[in-house]
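Take a look at the structure below.
On a predicted model such as this, the values are computed, not experimentally measured, just so you know. What's counted below: heavy atoms across the whole structure, side chains too, no hydrogens, waters or symmetry copies.
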Amino acid sequence: QEVTVGVVTFTYDVLWRASNVKWASRWDIYLSMDNAIPDKVHWFSIVNSLLIVLFLSVMVAMIMMRNLHRDIVRYNRVLSDEEKAEEREESGWKLVH
């Protein structure tokens, strides 16, 4: 199929109808849709979000605890004579303060 260059005209129609609904209450029908979305959907979304936050928090806590445990074990071990002579530099969490 051959494509030609030309002007495209876009049009639309609007049909205005008079209504007895007052301006202040025009959204009432949408805001009062009591059973449009079941309550189970809201609770499912809330529980799902809480579980994701809990899972990610546990993952971060596990990573932090593993790193802290490794650092604490290294800091508390008895240094050999060679390590004492070198006076090794501080590393890990000791650099934070």
Side-chain angles (χ1 to χ4, degrees):
Q1 180 178 5
E2 191 173 319
V3 178
T4 59
V5 178
V7 178
V8 178
T9 304
F10 294 98
T11 62
Y12 62 94
D13 292 328
V14 177
L15 177 63
W16 298 98
R17 286 188 274 171
S19 174
N20 293 331
V21 178
K22 300 219 186 276
W23 178 258
S25 61
R26 67 192 184 282
W27 281 97
D28 289 349
I29 191 168
Y30 300 109
L31 297 175
S32 66
M33 295 175 66
D34 293 333
N35 294 324
I37 299 174
D39 289 336
K40 286 183 180 181
V41 174
H42 294 294
W43 283 110
F44 177 75
S45 299
I46 291 169
V47 170
N48 189 27
S49 299
L50 289 175
L51 287 176
I52 290 172
V53 167
L54 180 69
F55 175 74
L56 293 176
S57 299
V58 167
M59 292 295 291
V60 169
M62 286 175 57
I63 292 169
M64 296 289 289
M65 291 301 294
R66 189 178 68 189
N67 287 336
L68 284 172
H69 182 272
R70 189 175 12 184
D71 284 346
I72 290 170
V73 167
R74 188 170 63 223
Y75 299 149
N76 290 336
R77 76 170 192 251
V78 177
L79 298 176
S80 66
D81 292 333
E82 185 178 311
E83 288 175 334
K84 287 179 185 176
E86 291 177 4
E87 291 185 39
R88 67 185 166 111
E89 193 175 312
E90 290 184 351
S91 61
W93 287 100
K94 284 189 176 181
L95 294 175
V96 173
H97 66 282

#### Entry: Stepwise side-chain contact (heavy atoms from CB on, under 4.5 Å) test for Ile72 and His69
CA-CA 5 Å; Ile72 290 170; His69 182 272; 5.9 Å; no
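No donor-acceptor pair closer than 3.5 Å links the side chain of Arg66 to the backbone N or O of Ile63.
Connection of Trp16 to Trp23 is not established within any shared hydrophobic cluster, with ILVMFWY side chains joined at heavy-atom distances below 4.5 Å, either directly or through further cluster members. Side-chain heavy atoms closer than 4.5 Å link hydrophobic residues (I, L, V, M, F, W, Y) into clusters, and following such links, even through other members, never connects Phe55 to Leu50.
To the nearest 0.5 Å, atoms CG (Leu54) and OG (Ser49) are separated by 12.5 Å.
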